[in-house]
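Read the structure below first, then the notes.
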Amino acid sequence: MPSQKITSALAEIESSANAQNKLQLYNNILSETVSTTPEPQLTDDLNYYLDSVLSEDLSIVAARPILDSFITSLRTLTPETQIQVGQHAINLLQSRSTSVEEQDAQIREILADAFEAEEEYAAAAKALQGIHIDSSQRLVSDSAKVRLWIRIVRLYLEEDDTTSAEQFLNRIKNLPSKIEDHELKLHFKLSQARIQDARRRFLDASQEYFGVSLAPGVDESDRLQALAAAIRCAVLAPAGPQRSRTLATLYKDDRATSVEEYGILEKMFLDRLLTPEEVSAFSQRLAPHQLALTADGTTVLDKAVVEHNLVAASKLYENITTDALGAILGLKASGDLTAGEKAEAYAARMVEQGRLSGSIDQIDEIIYFESSTTATGRHIRQWDAGVQGLAEGVERVATNIAEKYPEFATAQVAQ
């Protein structure tokens, strides 16, 4: 309930016939109210003040400069008061929004900042959604639109609302002009990666995160965080040729040894079996959505590890019984299925999808892996990686010599 002091003061202003005098009186009352009214009473007094300013008795032309002063004062208040007063303001402005779109946008931005400070991210996003960006009264550049939509996307991602986030990301994709601002490009790529990650499109997410880790103008710590995220997504992706290429790219990056995920990356790249202890340690660094249960009661990580270990087993054995494979994969009997039958189901699906080369003898319960995928292939890959590492080492030595002894290097090139 508004205080007697402000109701009396506003009643006196409303009865005044001098429009110019009203403007000054409104500003005086606003300044006094903000500076002297205690916090619990301030919300009611400011809401009553807005009711007077935006009443039909005051023209919108006269109200605009008063609203500008109100917005300046609103920025100085606590988030809680900003939320209560800001919501009241935008509700009042709805009937006049076409005439005060700039003021409405500024109040919504203040409201979004306040909601974000209170960690109410969805409410902050909805406040920003109400900003008019396609209007003849207010010209908004494509760059400003992208900046607004990127912020909305990031707010929805804080709430794990990927559906709403993707809707606004698609608006950016559909803009006729391309994003030129480097910072906005980075935020766009990172948002896209986070959405793909949340949607379990892990290979696509890994490539986007890796791109962010290579982008210029990013702090080294942020680069390594993006690289670590790229590795986590690659590990969670379905086993197969495409993931193998992604793992190879990440493994050959010189920075990979600087992140905690390097151990599991190396074992996956070299097709080594993963132990339960290694998997458990890796799971501690995953986000909640990456550990969510799938329809069959397992996590994405469980499935990724089983498929990886199945591929690793195919490098070690030419053939193996389904029961023995089930034991290697750490599968357990459940319901009507034995561990061997589960192993056979995993292998059958991967063979059918072209992610594993082999055949299954269901009568004898034996899985045969094609010879091209045995240990020979692994040794060749290790050899290739070793040769590449040696070549890169020689190149670094040559570069260091050239930098320290430029005259000697020039003479050698001349010869």
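Index from 1, following the sequence.
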Checking side-chain polar atoms at under 3.5 Å, does [X] have a donor or acceptor matched by the opposite partner on [Y]?
X      : Y      : result
Glu166 : Asn170 : no
Thr33  : Asp45  : no
Thr43  : Gln84  : yes

Ignoring hydrogens, what is the shortest heavy-atom contact between [X] and [Y]? Give both atom names and the distance.
X      : Y      : value
Ile29  : Ala9   : CD1-CB, 3.5 Å
Ile367 : Ala347 : CD1-CB, 3.7 Å
Glu159 : Tyr121 : OE2-N, 3.4 Å
Ala198 : Thr162 : CB-CG2, 3.1 Å
Ala333 : Thr338 : CB-CA, 4.0 Å
Val351 : Gly358 : CG1-O, 3.6 Å

Is the closest side-chain heavy-atom distance between [X] and [Y] below 4.5 Å?
X      : Y      : answer
Leu293 : Thr299 : yes
Leu23  : Pro65  : yes
Leu169 : Phe188 : yes
Thr246 : Phe210 : no
Glu365 : Thr321 : no
Val85  : Asn47  : yes
Arg243 : Ser206 : no
Val305 : Phe282 : no

[X] atom [atom1], neighbour heavy-atom count above 12 within 6.0 Å:
X      : atom1 : answer
Glu12  : CD    : no
Lys126 : NZ    : no
Glu39  : CD    : yes

Counting only N and O atoms by type, is there a donor-acceptor contact under 3.5 Å from the side chain of [X] to the main-chain atoms of [Y]?
X      : Y      : answer
Arg355 : Met350 : no
Lys342 : Gly326 : no
Ser314 : Val311 : yes
Thr399 : Glu395 : yes
Thr76  : Thr72  : no
Glu307 : Ala239 : yes
Arg108 : Ala127 : yes
Lys267 : Leu273 : yes

Rounded to the nearest 0.5 Å, how far apart are [atom1] of [X] and [atom2] of [Y]?
X      : Y      : atom1 : atom2 : answer
Ile320 : Ile328 : CD1   : CD1   : 3.5 Å
Ile110 : Ile83  : CD1   : CD1   : 12.5 Å
His88  : Leu54  : NE2   : CG    : 8.0 Å
Ile71  : Ile107 : CD1   : CD1   : 4.5 Å
Gln82  : Leu77  : CD    : CG    : 6.0 Å
Leu265 : Glu260 : CG    : CD    : 13.5 Å

Between Glu278 and Arg272, is a salt bridge (Lys or Arg N to Asp or Glu O under 4.0 Å) present by the stated rule, with each step listed?
CA-CA 12 Å; Glu278 290 170 325; Arg272 295 173 183 167; over 6 Å; no
Are any of the side-chain nitrogens in [X] or [Y] under 4.0 Å away from the carboxylate oxygens of its partner?
X      : Y      : value
Asp68  : Arg64  : no
Arg151 : Glu116 : yes
Glu392 : Lys252 : no

Phe115 and Leu155: CA distance, side-chain angles, deciding distance, side-chain contact (heavy atoms from CB on, under 4.5 Å) verdict
CA-CA 10 Å; Phe115 276 127; Leu155 288 168; over 6 Å; no
Under the side-chain contact (heavy atoms from CB on, under 4.5 Å) criterion, do Phe168 and Leu128 qualify, and how do the steps go?
CA-CA 12 Å; Phe168 284 91; Leu128 293 174; over 6 Å; no
The test is side-chain contact (heavy atoms from CB on, under 4.5 Å); show your working for Ile150 and Arg147 and say whether it passes.
CA-CA 5 Å; Ile150 284 289; Arg147 195 173 295 278; 5.9 Å; no
Begin from the C-alpha positions of Gln24 and Asn28 and carry the test side chain to side chain donor-acceptor pair (under 3.5 Å) through to its verdict.
CA-CA 6 Å; Gln24 185 59 48; Asn28 291 342; 2.9 Å; yes
Cation over ring face, Arg349 and Tyr346, 6.0 Å, 45°:
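Yes, Arg349 sits over the ring of Tyr346.
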Parallel, tilted or perpendicular, as decided by the 30° and 60° cut-offs, for the rings of Tyr26 and Tyr49
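Correct class here is perpendicular.
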Applying the side chain to side chain contact (heavy atoms under 4.5 Å, CB included) criterion to Leu46, which one of Thr37, Ile6, Leu30, Leu74 satisfies it?
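Per the side chain to side chain contact (heavy atoms under 4.5 Å, CB included) rule, the option paired with Leu46 is Leu30, out of Thr37, Ile6, Leu30, Leu74.
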Pair up each side-chain donor or acceptor in residues 220-237 with any protein partner under 3.5 Å, not counting sequence neighbours, and list the distances.
{"residue": "Arg223", "atom": "NE", "partner": "Val218", "partner atom": "O", "Å": "3.1"}
{"residue": "Arg223", "atom": "NH1", "partner": "Ser213", "partner atom": "O", "Å": "3.1"}
{"residue": "Arg223", "atom": "NH1", "partner": "Ala215", "partner atom": "O", "Å": "3.3"}
{"residue": "Arg223", "atom": "NH2", "partner": "Ala215", "partner atom": "O", "Å": "2.9"}
{"residue": "Arg232", "atom": "NH1", "partner": "Glu261", "partner atom": "OE2", "Å": "2.9"}

side-chain hydrogen bond (donor to acceptor under 3.5 Å, both in side chains): pairs with one or both residues in residues 188-198, sequence neighbours excluded:
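Non-adjacent pairs meeting side-chain hydrogen bond (donor to acceptor under 3.5 Å, both in side chains): Lys173-Gln192, Gln192-Glu208, Asp197-Tyr209, Asp197-His289, Asp197-Gln290.
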Please walk me through it: do Glu32 and Lys5 pass salt bridge (Lys or Arg N to Asp or Glu O under 4.0 Å)?
CA-CA 11 Å; Glu32 184 179 352; Lys5 179 181 178 181; 2.8 Å; yes
Test Leu93 against Leu67 for side-chain contact (heavy atoms from CB on, under 4.5 Å), laying out the working first.
CA-CA 10 Å; Leu93 290 175; Leu67 280 174; 4.0 Å; yes
